[in-house]
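No hydrogens, no waters, no symmetry mates; every other heavy atom, side chains included, goes into these values. For clarity, every value in this text was computed on a predicted model and none was experimentally measured.
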Amino acid sequence: MASAAPAATAPLQVFVRMYRALKPGAAYQGMLGDCFLIRLVQGDQASHILIDCGLLLGSAEADARMQAIAADIVATTGGVLDLLVVTHEHWDHISGFSQAQDVFLGAPDPATGTETLQVAHLWMGWTEKDGDPQVERLRTRFDKAGFALNALAARLESQGAAAASQAVELQGFRGASSNGARRLQGREIMAALKRKSRAAPQFLEPGTVLPTPAGRPGAPALRAYVLGPPRDEQFLFKDKPSAKAPETYLAELKLSEDILRFAESGDLAADPDTPFAPPYRTLKVADVRAAMEAGAPLTGDAAWVAERYYGYVGPSAKAKPGPRDQLLDAAGKRRTVDADWLGAADPLALKLDSDTNNTSLALAFDLPDGSAMLFAADAQVGNWLSWYSRTYRDETGAEHSAEQILNRTRFYKVGHHGSHNATLDAKGLAMMTRDDLVAAIPTDEAFGKTQGRSGWQMPNPRVNAALLARTKGRILRNDRHYDSAARAADPELRGVDAGFFDRVEETDLYLEYHVL
């Protein structure tokens, strides 16, 4: 048997492992979440890059699946991650660091002083840099919107079973604990990972070009391009594809502050810009409600509000009304708009979700044959567009444009599970012109359809059709099987070049593609 070639002369092999953690016969068929392990193998040397590790809140057997994934990462890497990349603070990208906390964040063994998994280097976007004034301002903005969501979720739970399910969904944006179980939350996970890294964490700025660090001398590395997130907030908060389309998001923070106040107390504070002088702003809905519930006689403006707004006609001569008898009867419910404020939860949640997605650390990696890999995380429209606002100067002084980087992309980790506004057309997929392009979509389409009021399309049919056309069917999905029987039964896989399947290793735990 020939000995392994020296690392200096051996060709570099690149493998991308997309985790999914299936079980034969289990109810779940995929993983709606991102967890990718890049393996660089050169002779007898290897290095490993983990990009995110999470799955959507509510996924079946989440803890057990993440424990299995963590165990495989330890076994594959020999207990050393050369580089951990955390793209942004969404639960479906970071939950594993909490669900498998003992592996990812556990303290060294007291007897040996060794960790189950060592993180040699950590990359995050500039949006995670503590003490940066812009970061602190963005955190304040996101926190206020998040607190408003949490308060609204509590109000929704008080409205009954149908609203309670929506409340749980809203809390899922922050990975809230369920069934009283305590788990690390988003900000706590990010802080713990910063402490875990052996080297000082790097908070990457857009336009930077740098090599991936290695945890051991001589381990192979790649050149990385930091595409996003943008510093320019015109890009950072641009979530929708077209500025001409009707705006359905909450663009102003003030509204989320008003919603928070309403969710906490049931009243909105007086608008400082109101044209009415203070003496004419003294009637409070809470006071009117309290008087009605007490069965007290009402006069003047209070009586008018009670009658016209709530349908309340005053205490009965026969019996004192109960607190809900006339206050919230059918007519009163039709008149009042109090609960309608709760409907603002959906656009507020959507705006917070999209804005956080747009803070994604988006990276491209050069490969030795002149091709590239693109990991766009959950970058939305503005993040993508910002890539074209600069050039990227490498260590030789050569400059690369975003168009050139996309032109040479041969492996694309599809943004945000294939959603409609996370893969651009003319300035995105159309730029990926290589004939050997492969796309990887971390999704569970069936599970996605159970989310929200009308279900999520992940992948979006139009995005999926464009990917099929551009890749000629070379798409990896972690809710799909790739054996010969499955290929024959799947219309999207029929006729795909057999050489593609030769490069795919499939297990219940992961799909791994041999890129190079």
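Qualifying side-chain hydrogen bond (donor to acceptor under 3.5 Å, both in side chains) partners for Gln234, counting only residues two or more places apart in sequence or in other chains: none. The side-chain hydrogen bond (donor to acceptor under 3.5 Å, both in side chains) test applied to Ser47 returns no partner, not counting sequence neighbours. Residues satisfying the side-chain hydrogen bond (donor to acceptor under 3.5 Å, both in side chains) criterion with Lys196, sequence neighbours excluded, are Glu115.
Counting heavy atoms from C-beta outward, Asn383 and Leu236 have side chains that stay 4.5 Å or more apart. Proximity of Leu367 to Val515: side-chain heavy atoms (C-beta onward) are separated by under 4.5 Å at one or more points. Side-chain contact between Leu37 and Leu81 is present, with heavy atoms from C-beta onward closer than 4.5 Å. Between Pro442 and Asp92 there is no side-chain heavy-atom pair separated by less than 4.5 Å. In this structure the side chain of Phe237 reaches within 4.5 angstrom of the side chain of Leu138, judged on heavy atoms. Using a 4.5 Å heavy-atom cutoff, the side chains of Thr212 and Arg223 are not in contact.
For Glu89 against Gly186, the heavy-atom pair with the smallest separation is OE2-C, 3.4 Å. Scanning both residues, Pro220 and Leu40, for their nearest heavy atoms gives CG-O, 3.5 Å.
Under the side chain to side chain donor-acceptor pair (under 3.5 Å) rule, Asp34 has a single partner from His90, His88, Lys413, which is Lys413.
One finds a salt bridge joining Asp132 and Arg231 here, because a Lys/Arg side-chain nitrogen approaches an Asp/Glu carboxylate oxygen to under 4.0 Å. Arg20 has no carboxylate O lying under 4.0 Å from a charged side-chain N of Asp479, or vice versa, which leaves the two without a salt bridge. Electrostatic pairing of Arg17 and Asp72 counts as a salt bridge here, judged by a charged N lying under 4.0 Å from a carboxylate O. Taking the charged nitrogens against the carboxylate oxygens, Lys194 and Asp130 do have a contact shorter than 4.0 Å, which makes a salt bridge. Between Arg139 and Glu128 there is a salt bridge, with a side-chain nitrogen of the basic residue lying less than 4.0 Å from a carboxylate oxygen of the acidic one.
Of the possible polar contacts, none joining the Thr409 side chain to the Phe411 backbone as a donor-acceptor pair under 3.5 Å is found. For the pair Thr76 (side chain) and Ile73 (backbone), a donor-acceptor distance under 3.5 Å is absent. Side-chain atoms of Tyr388 come within 3.5 Å of backbone N or O of Lys427 as a donor-acceptor pair. A donor-acceptor pair under 3.5 Å is formed between the side chain of Asn358 and the backbone N or O of Gln380. Panel note: side chain Gln451, backbone Gly448; no donor-acceptor pair is recorded below 3.5 Å. A side-chain donor-acceptor contact under 3.5 Å links Arg65 to the backbone of Ala21. Proximity of a side-chain donor or acceptor of Trp123 to a complementary backbone N or O of Phe203 within less than 3.5 Å is not detected. Side chain of Ser360 to backbone of Asn357: a donor-acceptor contact under 3.5 angstrom is found. The closest donor-acceptor contact from the side chain of Glu188 to the backbone of Gln185 lies under 3.5 Å. With hydrogens and angles ignored, the 3.5 Å screen pairs a side-chain donor or acceptor of Thr471 with a backbone N or O of Leu467.
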Would you list the atom pairs, donor with acceptor, under 3.5 Å between side chains in residues 51-58 and any protein atom, with sequence neighbours excluded?
unit_1	atom_1	unit_2	atom_2	d
Asp52	OD1	Thr87	N	2.9
Asp52	OD1	Thr87	OG1	3.3
Asp52	OD2	Thr87	OG1	2.6
Asp52	OD2	His93	ND1	2.7

N/O donor to acceptor pairs below 3.5 angstrom from side-chain atoms of residues 458-465, sequence neighbours left out:
unit_1	atom_1	unit_2	atom_2	d
Asn460	OD1	Arg462	N	2.9
Asn460	OD1	Val463	N	3.3
Asn464	ND2	Glu492	OE2	3.1

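Identified under the salt bridge (charged side-chain N to carboxylate O under 4.0 Å, His left out) test for residues 379-392, with sequence neighbours left out: none.
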Could you walk me through whether Arg470 and Leu437 pass the side-chain contact (heavy atoms from CB on, under 4.5 Å) check?
CA-CA 7 Å; Arg470 177 60 62 187; Leu437 178 67; 3.4 Å; yes
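Checking Gln457 against Glu445 by side-chain atom types alone, no donor-acceptor pair falls below 3.5 Å. Side-chain contact of Tyr412 with Thr423: a donor-acceptor pair under 3.5 Å is present, judged by distance alone. For the residue pair Arg408/His400, the side-chain donor-acceptor check at 3.5 Å is satisfied. Side-chain contact check for Asp394 and Tyr225: no donor-acceptor pair (N or O, by modelled atom type) lies under 3.5 Å.
Atom CG of Leu363 and atom CD1 of Ile38 lie 8.5 Å apart (nearest 0.5 Å).
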